[in-house]
S.K.: 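Quick one: this structure, given as structure tokens, is what I'll be asking you about.
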Amino acid sequence: MVHDQNRLINFLEDRLAKSFTHFLQRRRADLIKNIGLKRNGAGAPRALIIYVANAVPYYVTGNVFRCPVIDSHAMYWEAAEMVRIMVENGYVVDFVDCFRPIPEIEWERYSVVVDEGNHLVEAPDLPGQIRAYYCTGLHWRFHNEAELRRLLEFGTRNGLLLPASRVLAPNFSDQKSDYIFWWSHLEWMKFFHPSSNRQEITTSVTFVPNRIDRDHTKREFLWMGSHGAIHKGLDLAVEALRSLPDVNFHIFGPIDNERRFFDWLKMEMKRNPAIHFHGPAQISSAKFQSVIKNCVGHIYPSCSEGGPGSVAQTSHFGIIPIVTHTANARSGSLGFTIHRDNTNDIIAEISTHVKHLISLTDREIQQKSEELIDFTRNIHTREAYSSFFRQFVERIKTNPKPSAYV
């Protein structure tokens, strides 16, 4: 019945205006049950995944790529891929949408639980049950404190106090898990409970471009991100370029939804006409690619990330990252990583790295870009994500209940 209901919703979503899909989403089942039952049988071990469910019904009905939002964020495809890999490895999967009210869970039914939220603390201790905290960011306390510092320092520099926009609720799943996923640099795992086994994972991207003809004679830069402009360091990039008014800087993201910050940004754009706001990026579009073919650097000085998809995506185009160490970007090692946390220091370092990239020869820029593209095609793809998650499933099958940190 659940599958029939979701199949009808999928059909309607494909044929109705996007403005109506929110109505349909509210009627999607919170718990999608028995995925893989027909293939693996009633006696198969069961797994519970608590994550974002948008694309999962499309996997169930045969084509995950029919999901309308499949290319708007990597998490939608990744969630469905987790299900596919679990099913192909013999599990029957139940899936709970982490953004909906969580139904009552019969914990004893499951051999494996993968939770992106704080639900493991509610589970009773069950012998033999494997629990994994699917951690998509840095520790919640570090994350929140970092954003609050950024907001206060922005207010000090610009006389404008803004509210926090990316605050995380406390999450203690790391204290109740056998495994915890880490996304980019292992050093950030020091904030989590030491008893959980670490499981590496990687960020996928929604679009892998063919190699495009890039104009290496240009020296333009960009910032690309989602909501939370100050959290993700857009203000620092803009302020760093005050001393470089001839450098074209392109901004991609829904920043106009952050009204008070956007008012500040509009004043900055009046002072510096080389700053250009484009709205949300359509990665595969000719318009986006006409801009990024002139860009040499992606400035992304975020205060806390779990492996930023935006940097992974632009790295496929060979756009060299200028990132903070708290941005936690794998490809930062092929660009420039700022290891300071004081925002005035970050602003100064951004300016230094921009000047350095401008000073490089076309050949040097091309070499750095090619190295970055080669690295990214091995790390930040859907195939790579599948490989990493498959390693986890194989690991729990051969070592069902680890007793100590590995």
Side-chain angles (χ1 to χ4, degrees), residues 146-166 215 217-282 287-288 290-303 308 310-311 314 319-324 326-327 335-336 338 340-360:
E147 178 171 356
L148 293 174
R149 282 197 304 272
R150 287 285 184 93
L151 290 165
L152 288 171
E153 291 175 8
F154 175 83
T156 298
R157 296 192 313 273
N158 294 283
L160 178 62
L161 294 174
L162 298 176
S165 61
R166 298 193 68 97
D215 189 348
T217 64
K218 302 288 187 179
R219 294 292 189 270
E220 300 187 5
F221 294 79
L222 66 82
W223 177 96
M224 186 171 78
S226 58
H227 74 282
I230 290 178
H231 182 102
K232 294 177 179 293
L234 176 56
D235 57 313
L236 306 182
V238 169
E239 292 180 56
L241 294 173
R242 285 173 177 168
S243 62
L244 299 166
D246 295 328
V247 174
N248 277 305
F249 181 56
H250 302 276
I251 299 170
F252 291 94
I255 306 307
D256 48 339
N257 292 334
E258 301 175 38
R259 183 182 59 81
R260 294 178 65 208
F261 177 84
F262 193 61
D263 288 342
W264 173 86
L265 180 61
K266 286 189 289 187
M267 290 190 295
E268 292 291 323
M269 289 191 289
K270 285 183 180 179
R271 298 190 189 104
N272 185 354
I275 300 175
H276 313 281
F277 174 69
H278 299 277
Q282 301 296 325
K287 180 180 179 181
F288 177 77
S290 70
V291 173
I292 59 93
K293 73 177 184 180
N294 297 327
C295 292
V296 296
H298 183 172
I299 307 173
Y300 196 76
S302 176
C303 67
S310 61
V311 177
T314 58
I319 301 174
I320 299 160
I322 300 174
V323 295
T324 44
T326 50
F336 305 93
I338 299 167
R340 300 189 180 190
D341 295 317
N342 178 277
T343 49
N344 287 320
D345 293 337
I346 295 171
I347 290 168
E349 283 207 40
I350 291 171
S351 179
T352 297
H353 295 316
V354 167
K355 291 175 183 176
H356 177 72
L357 275 179
I358 291 172
S359 72
L360 296 180

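Since the model is a prediction, treat every value here as computed from it, not as a measurement.
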S.K.: Nearest 0.5 Å, please: how far is SG in C303 from CG in L151?
M.R.: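 Answer for the CG-SG pair, L151 versus C303, is 8.0 Å.
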S.K.: Measure the spacing between CG of L234 and CZ of F277 and express it to the nearest 0.5 Å.
M.R.: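 Between atom CG of L234 and atom CZ of F277 there are 9.5 Å.
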S.K.: Minimum heavy-atom separation for I299 to A237, with atom names?
M.R.: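 Looking at all heavy atoms of both residues, the closest pair is CG2-CB, 3.6 Å.
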S.K.: With under 30° as parallel and over 60° as perpendicular, where do the rings of F154 and F261 fit, or are they tilted in between?
M.R.: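 The arrangement is tilted - the two ring planes meet at 30° to 60°.
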S.K.: Got a donor-acceptor contact below 3.5 angstrom from the S290 side chain to the K287 backbone?
M.R.: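 Confirmed, S290 side chain pairs with K287 backbone.
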S.K.: Applying salt bridge (charged side-chain N to carboxylate O under 4.0 Å, His left out) to D263 and K266, what does each step give before you reach the verdict?
M.R.: CA-CA 5 Å; D263 288 342; K266 286 189 289 187; 3.5 Å; yes
S.K.: What verdict does the salt bridge (charged side-chain N to carboxylate O under 4.0 Å, His left out) test give for R157 and D235, after you've listed the backbone C-alpha separation in whole Å, the side-chain angles of each residue and the deciding distance to 0.1 Å?
M.R.: CA-CA 10 Å; R157 296 192 313 273; D235 57 313; 2.9 Å; yes
S.K.: Tell me the closest heavy-atom pair linking I346 and P301, and the distance in Å.
M.R.: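 Of all heavy-atom pairs spanning I346 and P301, the closest is CG2-CB, 4.0 Å.
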S.K.: Rounded at 0.5 Å granularity, tell me how far CD in E153 sits from CG in N342.
M.R.: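 It is 5.5 Å, given to the nearest 0.5 Å.
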S.K.: Begin with the C-alpha distance, continue with both residues' side-chain angles, and end with the deciding distance and a verdict on salt bridge (charged side-chain N to carboxylate O under 4.0 Å, His left out) for E147 and R150.
M.R.: CA-CA 5 Å; E147 178 171 356; R150 287 285 184 93; over 6 Å; no
S.K.: Heavy atoms, side chains only, cut-off 4.5 Å: are L162 and W264 in contact?
M.R.: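 Side chain of L162 against side chain of W264, heavy atoms only: no contact under 4.5 Å found.
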S.K.: Short question: side chain of S351, backbone of I347 - any donor-acceptor pair under 3.5 Å?
M.R.: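 No; zero donor-acceptor contacts below 3.5 Å.
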S.K.: Can you tell me if T326 uses its side chain to pair, donor with acceptor, with the backbone of S302 under 3.5 Å?
M.R.: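 Answer holds: yes.
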S.K.: State whether the number of non-hydrogen atoms from other residues, nucleotides or ligands found under 6.0 Å of R242 atom CZ is greater than 12.
M.R.: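 Enclosed: over 12 neighbouring heavy atoms sit under 6.0 Å from CZ of R242.
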S.K.: Only one of L244, V296, I319 passes side chain to side chain contact (heavy atoms under 4.5 Å, CB included) with F221; say which it is.
M.R.: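 So the option named by the test is V296.
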S.K.: Treating T324 as the side-chain partner and I338 as the backbone partner, does any N or O pair qualify as donor plus acceptor under 3.5 Å?
M.R.: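 Not at all, since once roles are kept as given, no pair shorter than 3.5 Å links the two residues.
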S.K.: Side chain of S310, backbone of G225: donor and acceptor closer than 3.5 Å?
M.R.: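 Judged by distance alone, no pair lies under 3.5 Å.
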S.K.: Return the CZ to OG distance between R219 and S359, rounded to the nearest 0.5 Å.
M.R.: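 Atom-to-atom, R219:CZ and S359:OG are 8.5 Å apart.
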S.K.: Decide side chain to side chain contact (heavy atoms under 4.5 Å, CB included) for N158 and E239; before the verdict, give the C-alpha distance in whole Å, the side-chain angles of both, and the deciding distance to 0.1 Å.
M.R.: CA-CA 10 Å; N158 294 283; E239 292 180 56; 3.2 Å; yes
S.K.: If you compare all heavy atoms of E258 against all heavy atoms of A229, which two are closest, and at what distance to 0.1 Å?
M.R.: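 Answer, listing the atom of E258 first, then A229: OE1-N, 3.2 Å.
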S.K.: Go through it in stages, so that I can follow the logic: the residues are H227 and R166, the test is side chain to side chain donor-acceptor pair (under 3.5 Å), and I'd like the CA-CA distance, side-chain angles, deciding distance and then a yes or no.
M.R.: CA-CA 8 Å; H227 74 282; R166 298 193 68 97; 3.1 Å; yes
S.K.: Apply the side chain to side chain contact (heavy atoms under 4.5 Å, CB included) test between L236 and each candidate in N344, I230, I350, L241; give the one that qualifies.
M.R.: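 Among N344, I230, I350, L241, the one that satisfies the side chain to side chain contact (heavy atoms under 4.5 Å, CB included) with L236 is I350.
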S.K.: Run the side-chain donor-acceptor check on residues 246-254: report pairs under 3.5 Å with partners two or more places apart or on a different chain.
M.R.:
| residue | atom | partner | partner atom | Å |
| --- | --- | --- | --- | --- |
| N248 | OD1 | H276 | NE2 | 2.8 |
| H250 | ND1 | H278 | NE2 | 2.9 |
| H250 | NE2 | E220 | OE1 | 2.7 |

S.K.: Side chain to side chain contact (heavy atoms under 4.5 Å, CB included) for L357 and H353? Distances and angles first, verdict last.
M.R.: CA-CA 6 Å; L357 275 179; H353 295 316; 6.0 Å; no
S.K.: Output the distance between atom NZ (K355) and atom OG (S243), rounded to the nearest 0.5 Å.
M.R.: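 One gets 5.0 Å once the value is rounded to the nearest 0.5 Å.
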S.K.: Sort out for me which residue in T314, I255, I322, I275 forms a side chain to side chain contact (heavy atoms under 4.5 Å, CB included) with W223.
M.R.: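 When T314, I255, I322, I275 are each tested with W223, the side chain to side chain contact (heavy atoms under 4.5 Å, CB included) holds only for I255.
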S.K.: For S165 versus G228, what's the shortest heavy-atom pair and its separation?
M.R.: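 Residues S165 and G228, closest heavy atoms: OG-CA, 3.3 Å.
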S.K.: Is there a side-chain contact between M269 and L265 in this structure, where contact means two heavy atoms from C-beta onward sitting under 4.5 Å apart?
M.R.: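 Counting from C-beta outward, M269 and L265 do come under 4.5 Å.
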S.K.: Could you tell me which non-hydrogen atom of Y300 sits nearest to which non-hydrogen atom of M224, and how far apart they are?
M.R.: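 Answer, listing the atom of Y300 first, then M224: CE1-O, 3.3 Å.
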